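Remember, predicted model here, so these are calculated numbers, not experimental data.
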Amino acid sequence: MQVAYLGPAGSFTELAARKLVAPDEDLTPRASVPLALRHVRSGAVGAAVVPLENSVEGVVPTTVDGLVRGGPLRITGEALLRVTFALASAPGVARPSIRRVLTHPHAHSQCRDWLARELPEAEFVPAGSTSEAAATVAREADPETAAVCAPATAARYGLDVLATDIGARRNAVTRFVRVAGPDAVTPAPSDRDRTSIVLPLLDQVGALHRVLGAFARHGANLTAINSRPTGDALGRYCFFLECDGHIADTAVARAFEELRRHAPQALLLGSYPQAPSPVPSSTPVPALAHG
Ligand SMILES: O=C(O)C(=O)Cc1ccccc1
């Protein structure tokens with residue numbers, strides 16, 4: 001099977017994809033997340049691996065939009081990757097000559113503080129991925145342009161590393177998902193699963209309250225709730241929900257059934273094993289103070 005990923009070669013997504021493919025599957029790069037998902041929907045590839053969210057910046061909007069808009073898809077797995085960022089240039093370039101910094105918007109937002117401090121005059125130029133930024137810098141060999149990418153990606157494209165660890169957080173983790181067509185087999189329940197759901201929210205009093213209530217009543221632990229505009233009109237939103245557990249678990253199945261009674265368009269994106277964390281477990285969430 002061909003599995004697309006956000007490329008070109010050397011992206012963080014490629015590293016994640018390597019954890020999510022079987023030995024007999026082939027990885028094939030795509031220039032953007034929408035293109036990779038379009039090729040899953042058309043059947044040109046069997047699956048795609050795309051970045052979904054980061055512990056510092058939250059969700060990758062193009063990915064969530066690609067999942068909630070368009071034909072149904074199925075998430076069948078996830079991988080977590082610790083990401084560290086380097087500033088890289090063509091060989092022989094000195095840091096003071098950098099006027100432009102190329103990278104993926106999600107990488108830029110995690111390095112914004114360092115860039116504002118160390119290269120306040122440099123302009124940010126969005127790239128399709130961190131590896132595309134590195135490839136462009138290598139190809140153009142412009143002494144005024146640098147890329148933000150993984151140190152290994154800089155080495156792969158023959159770039160010099162001008163600075164390392166320029167991200168705002170040491171333990172930044174990005175979550176990637178493997179996405180297939182709607183007929184993909186749901187992985188069997190494991191001891192620690194996650195379920196992802198898409199829900200167009202009805203424009204009614206109490207609509208969100210009923211959704212949250214369904215999870216609480218059946219004892220399913222809702223772990224994330226993101227709203228994205230449907231794109232149809234101002235004020236129309238689609239929710240991307242996640243909870244612990246598998247759709248084969250009674251709590252999750254009952255919560256989803258109840259959700260469907262309120263919002264028949266609710267769509268199960270998938271149930272799949274949660275990936276182990278690549279960093280030491282974080283400090284507990286502080287309890288809310290009740291006044
Ligand atoms: O995969 C990449 O290289 C990307 O550009 C997406 C990305 C950006 C920042 C953190 C993780 C993935």
**Request:** Could you tell me whether the side chain of His218 and the main chain of Ala220 form a donor-acceptor pair under 3.5 Å?
**Result:** no

**Message:** So does Pro273 get a backbone contact from the side chain of Ser190, meaning a donor-acceptor N/O pair under 3.5 Å?
**Reply:** no

Taking every non-hydrogen atom, the tightest pair across [X] and [Y]:
| X | Y | answer |
| --- | --- | --- |
| Val49 | Thr13 | O-CG2, 3.2 Å |
| Pro278 | Leu80 | CD-CB, 3.7 Å |
| Pro29 | Pro8 | CB-CA, 4.2 Å |
| Ala180 | Val40 | C-CG1, 3.6 Å |
| Ser271 | Thr195 | OG-OG1, 2.8 Å |
| Ala146 | Val137 | C-CG2, 3.7 Å |

**Prompt:** Does CZ belonging to Arg95 count more than 12 external heavy atoms closer than 6.0 Å?
**Reply:** yes

**Arg192, CZ atom: more than 12 neighbouring heavy atoms under 6.0 Å** =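 No, because the 6.0 Å sphere around CZ of Arg192 holds 12 heavy atoms or fewer from other groups.
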
Is [X] linked to [Y] within one hydrophobic cluster, defined over Ile, Leu, Val, Met, Phe, Trp and Tyr using a side-chain heavy-atom separation of less than 4.5 Å?
| X | Y | value |
| --- | --- | --- |
| Val211 | Ile247 | yes |
| Val45 | Leu27 | no |
| Val179 | Leu269 | yes |
| Leu268 | Ile75 | no |
| Val101 | Val125 | no |

With sequence neighbours excluded, residues passing side chain to side chain donor-acceptor pair (under 3.5 Å) with [X]:
| X | answer |
| --- | --- |
| Arg30 | Thr28, His39 |
| Arg210 | Gln204 |
| Ser129 | Ser131 |

Are [X] and [Y] close enough that some pair of their side-chain heavy atoms sits under 4.5 Å apart?
| X | Y | value |
| --- | --- | --- |
| Leu199 | Gln265 | no |
| Asn171 | Arg82 | yes |
| Thr174 | Glu53 | no |
| Phe256 | Leu241 | no |
| Val173 | Val83 | no |
| Asp26 | Val3 | no |
| Tyr272 | Ser196 | yes |
| Leu267 | Val198 | yes |

**Item:** Derivation and outcome, salt bridge (charged side-chain N to carboxylate O under 4.0 Å, His left out), residues Asp183 and Arg74
**Value:** CA-CA 8 Å; Asp183 299 330; Arg74 182 121 306 171; over 6 Å; no

Carboxylate-amine/guanidinium proximity below 4.0 Å for [X] and [Y]:
| X | Y | answer |
| --- | --- | --- |
| Glu25 | Arg178 | yes |
| Arg194 | Glu78 | yes |
| Arg217 | Glu258 | yes |

**Message:** Could you tell me if Asp244 and Gln274 have a donor-acceptor pair between their side chains, going purely by distance under 3.5 Å?
**Reply:**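 A donor-acceptor contact under 3.5 Å links the two side chains.
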
**Message:** side chain to side chain contact (heavy atoms under 4.5 Å, CB included) for Glu242 and Asn226? Distances and angles first, verdict last.
**Reply:** CA-CA 9 Å; Glu242 297 193 304; Asn226 275 286; over 6 Å; no

Acceptor/donor pairs from residues 149-170 side chains to any protein atom, 3.5 angstrom cut, sequence neighbours excluded:
unit_1 : atom_1 : unit_2 : atom_2 : d
Thr153 : OG1    : Gly10  : O      : 2.7
Tyr157 : OH     : Ala9   : O      : 2.7
Asp160 : OD2    : Gly92  : N      : 3.0

Nearest 0.5 angstrom please: [X] [atom1] to [Y] [atom2], how far?
| X | Y | atom1 | atom2 | result |
| --- | --- | --- | --- | --- |
| Thr84 | Gln110 | OG1 | CD | 10.5 Å |
| Phe85 | His104 | CZ | NE2 | 10.0 Å |
| Phe176 | Asn54 | CZ | CG | 8.5 Å |
| Thr230 | Arg69 | OG1 | CZ | 7.0 Å |
| Phe239 | Ile225 | CZ | CD1 | 5.0 Å |

**Asked** Please walk me through it: do Glu140 and Arg100 pass salt bridge (charged side-chain N to carboxylate O under 4.0 Å, His left out)?
**Response** CA-CA 13 Å; Glu140 293 179 354; Arg100 272 173 303 279; over 6 Å; no

**Message:** Assess the residue pair Arg18 and Glu14 against the criterion (side chain to side chain contact (heavy atoms under 4.5 Å, CB included)); give the C-alpha distance rounded to whole Å, side-chain angles, the decisive distance to 0.1 Å, and a yes or no.
**Reply:** CA-CA 6 Å; Arg18 297 208 172 276; Glu14 184 191 8; 2.5 Å; yes

**Message:** Show, in sequence, the C-alpha distance, side-chain angles and deciding distance for Glu118 and Leu87, and conclude whether the side chain to side chain contact (heavy atoms under 4.5 Å, CB included) test is met.
**Reply:** CA-CA 11 Å; Glu118 303 291 331; Leu87 184 75; over 6 Å; no

Table please: side-chain donor-acceptor pairs of residues 56-68 below 3.5 Å, with sequence neighbours left out.
unit_1 : atom_1 : unit_2 : atom_2 : d
Thr63  : OG1    : Pro51  : O      : 2.6
Asp65  : OD1    : Arg228 : NE     : 2.7
Asp65  : OD1    : Arg228 : NH2    : 3.4
Asp65  : OD2    : Arg228 : NH2    : 2.9

**Message:** For Glu144 and Ser97: C-alpha separation, side-chain torsions, deciding distance, then whether side chain to side chain donor-acceptor pair (under 3.5 Å) applies.
**Reply:** CA-CA 5 Å; Glu144 297 195 340; Ser97 70; over 6 Å; no

**Prompt:** Phe12 and Tyr5: aromatic ring centres closer than 6.0 Å?
**Reply:**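 Aromatic pair excluded; centres sit 6.0 Å or further apart.
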
**Asked** Given a cutoff of under 4.5 Å between side-chain heavy atoms of I, L, V, M, F, W and Y, with clusters grown through shared members, what are the other residues clustered with Val185?
**Response** none

**Asked** Applying the side-chain contact (heavy atoms from CB on, under 4.5 Å) test to Phe124, which of Val148, Leu119, Leu102, Thr103 qualifies?
**Response**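 Going through the options one by one, the only one that passes is Thr103.
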
